[in-house]
Amino acid sequence: MSTASVESRMTGKKDLYEILGVGKSASDDELKKAYRTLAMKYHPDRNVGDEEAAAKFKEAAEAYAILGDAEKRPIYDRYGHAGLQGAGLPDFGDSESVFDLFGDLLGDLLGGGRRRRGPKPGEHVQMRLEIDLFEAARGCAKKITIPRKEVCDDCRGSGCKKGTQPAQCRQCKGQGVVLVNQGFFRIQQTCRGCGGSGVIITDPCAKCRGWGKMDVQRSLDFNLPPGVFDGFAFRLQGEGSAGAPGGPRGDLICEVRVREHPLLHRDGDHLYCRVPITFSQAALGGPVLIPTLEGTIEHMLPAGLQSGEFVTLQSKGMPSLRSGRRGDLKVQVMVETPRTLSTKQEELLRELAELDNKNVSPHRKGFFDKVKEFFKPAEDAGAGQ
């Protein structure tokens with residue numbers, strides 16, 4: 001068993017090879033392929049609001065940062081996690097850090113190439129939009145208001161009072177990073193004095209209090225296509241918060257929630273509903289009212305329906321988001337037993353019961369024959385005593 005595997009059992013830390021789902025002898029290409037698969041599956045943009053997916057995305061990135069490095073991998077193979085303490089590993093606190101290191105791996109999978117260098121881009125804005133089933137079926141135009149950050153118009157994003165300039169950070173001398181000794185290693189860390197900016201604001205802007213940005217409300221109009229489903233997510237590029245001066249805006253990531261309908265239940269592109277019918281409708285067939293997306297329609301039921309059977313109305317379901325082709329509406333008929341009867345109804349049912357006793361259907365005859373056979377051994381045993 002490898003040192004890393006033994007350490008994983010003793011310390012509780014996961015084995016990096018197990019995280020990526022490969023063996024210790026995996027080649028560089030196999031490691032890269034395994035990481036790509038996990039990154040595509042658990043990327044936060046594809047799992048909005050899913051904290052478990054975000055944790056697995058971060059975990060996979062940390063594993064590949066070590067195993068994909070020609071110098072760190074042999075150290076890990078020999079000494080495990082302990083050998084890498086203080087080795088200057090990257091911080092994976094958010095997905096942007098992952099893009100810094102692995103943009104070339106994820107660019108072709110998640111859209112957009114390596115994260116651009118230069119001024120820091122703005123933060124993404126996430127929100128949920130709730131619609132009903134009819135809006136999901138027909139598509140709809142929506143107007144939403146989102147909170148986002150805009151560059152302060154007084155200081156133009158500098159955070160400084162008009163006429164002043166930020167001062168150079170004394171701790172890092174304007175570099176934004178400092179070198180720290182840890183054992184045999186010297187690692188580079190973000191300067192705590194300036195937060196990595198390299199400068200200190202000594203006379204902050206009164207309007208934004210030195211932040212360089214203001215909270216605003218932004219109204220947006222957009223159209224949802226027919227067929228959107230619960231959990232459907234889309235991105236509006238450049239509609240997020242403003243970045244640092246000269247940096248790009250973030251994006252708006254919106255998740256759609258479709259409210260449950262009291263009668264129609266969706267499964268993929270098909271709709272399901274239950275319709276109560278009387279015994280006479282089940283036996284004789286006839287018209288029944290059925291709810292659809294276009295309103296209530298009258299449908300002719302065939303004779304001889306059993307309670308729980310399905311009747312399919314083709315092309316009365318939801319439109320496919322991809323093809324536009326509509327699914328079916330599957331109607332489950334439920335035969336209702338009346339709790340109270342009029343005198344006439346009771347007379348007719350008693351007459352029907354008498355007819356049933358004289359003319360037993362093949363199905364019922366088979367059932368009662370089985371009942372007699374079941375009790376026959378007991379009766380024969382009793383007769384022999």
Side-chain angles (χ1 to χ4, degrees), residues 41-54 126-144 146 221-236 252-340 363:
K41 181 178 181 181
Y42 296 117
H43 192 272
D45 286 353
R46 294 189 171 188
N47 301 273
V48 178
D50 189 339
E51 295 182 0
E52 183 178 355
Q126 298 185 6
M127 67 160 296
R128 285 186 176 181
L129 174 66
E130 190 173 278
I131 62 175
D132 60 36
L133 186 66
F134 296 98
E135 290 176 314
R138 300 166 186 167
C140 57
K142 285 292 180 180
K143 185 180 185 70
I144 59 173
I146 60 170
D221 296 299
F222 58 89
N223 295 317
L224 288 177
V228 294
F229 48 85
D230 187 63
F232 172 79
F234 63 93
R235 177 192 294 259
L236 296 179
L252 169 65
I253 301 172
C254 183
E255 181 183 8
V256 177
R257 307 299 297 181
V258 181
R259 290 192 296 271
E260 288 284 340
H261 190 273
L263 299 177
L264 301 173
H265 304 280
R266 183 178 184 177
D267 184 6
D269 295 333
H270 297 313
L271 291 175
Y272 291 80
C273 75
R274 286 184 173 182
V275 173
I277 61 174
T278 63
F279 173 76
S280 58
Q281 285 177 307
L284 304 175
V288 65
L289 296 178
I290 295 177
T292 72
L293 292 172
E294 289 76 26
T296 304
I297 64 171
E298 188 175 80
H299 180 75
M300 291 297 295
L301 297 177
L305 282 173
Q306 303 299 309
S307 185
E309 275 194 65
F310 284 91
V311 176
T312 300
L313 278 64
Q314 294 184 345
S315 300
K316 289 293 185 181
M318 295 291 291
S320 169
L321 187 60
R322 293 184 177 180
S323 66
R325 183 179 302 173
R326 292 184 63 170
D328 300 330
L329 172 59
K330 299 180 181 295
V331 181
Q332 186 179 32
V333 295
M334 307 301 294
V335 179
E336 285 192 329
T337 302
R339 294 183 180 275
T340 57
H363 175 76

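Residues: numbered from 1 along the sequence shown.
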### Query
Would E255 and R257 count as a salt bridge (Lys or Arg N to Asp or Glu O under 4.0 Å) if you check the C-alpha gap in whole Å, the side-chain angles of each, and the deciding distance to 0.1 Å?
CA-CA 7 Å; E255 181 183 8; R257 307 299 297 181; 3.3 Å; yes
### Message
Quick one, L264 with R266, criterion side-chain contact (heavy atoms from CB on, under 4.5 Å). Give me CA distance, side-chain angles, the key distance, then yes/no.
### Response
CA-CA 7 Å; L264 301 173; R266 183 178 184 177; over 6 Å; no
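Residue E260 holds its CD atom at 9.0 Å from CG of L133, rounded to the nearest 0.5 Å. Atom CD1 of I253 sits about 12.0 Å away from atom CE of M127, to the nearest 0.5 Å. Annotation: the span from L236 atom CG to I146 atom CD1 amounts to 8.0 Å, rounded to 0.5 Å. A distance of 12.0 Å separates CG of L305 from CE of M334, quoted to the nearest 0.5 Å. Rounding to the nearest 0.5 Å places CZ of R235 at 9.5 Å from CG of L252. Separation of atoms CD1 (I297) and CG (L329) is listed at 7.5 Å; rounding is to 0.5 Å.
The heavy-atom pair separating L263 from C273 by the smallest distance is O-CB, 3.3 Å. For the residue pair S280 and T278, the shortest heavy atom distance occurs at OG-OG1, 3.0 Å. Residues C254 and L129 share a closest heavy-atom pair of SG-CB, 3.7 Å. The shortest non-hydrogen separation linking E135 to D132 is N-OD1, 2.7 Å.
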Review item, side-chain donor-acceptor pairs of residues 284-294, under 3.5 Å, at least two apart:
residue, atom, partner, partner atom, Å
T292, OG1, E294, N, 3.2
T292, OG1, G295, N, 3.4
T292, OG1, G295, O, 2.6
E294, OE2, R326, NH1, 2.8
E294, OE2, R326, NH2, 3.1

Table please: side-chain donor-acceptor pairs of residues 306-319 below 3.5 Å, with sequence neighbours left out.
residue, atom, partner, partner atom, Å
Q306, NE2, G304, O, 3.4
S307, OG, V335, N, 3.2
E309, OE2, Q306, N, 2.8

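Residues meeting the ring pair (Phe, Tyr, Trp, His ring centres under 6.0 Å) test with F222, sequence neighbours left out: F234. Taking the side-chain hydrogen bond (donor to acceptor under 3.5 Å, both in side chains) definition, one finds that R138 meets it with nothing, sequence neighbours left out. K41 is linked by a side-chain hydrogen bond (donor to acceptor under 3.5 Å, both in side chains) to nothing, counting only residues two or more places apart in sequence or in another chain.
Counting only heavy atoms from C-beta outward, the side chains of Q281 and V333 never approach each other to under 4.5 Å.
Sorted by first and then second residue, the ring pair (Phe, Tyr, Trp, His ring centres under 6.0 Å) pairs with a member in residues 253-282 read F134-H261; sequence neighbours excluded.
The environment of CZ in R274 is sparse: at most 12 heavy-atom neighbours from other residues, nucleotides or ligands sit within 6.0 Å.
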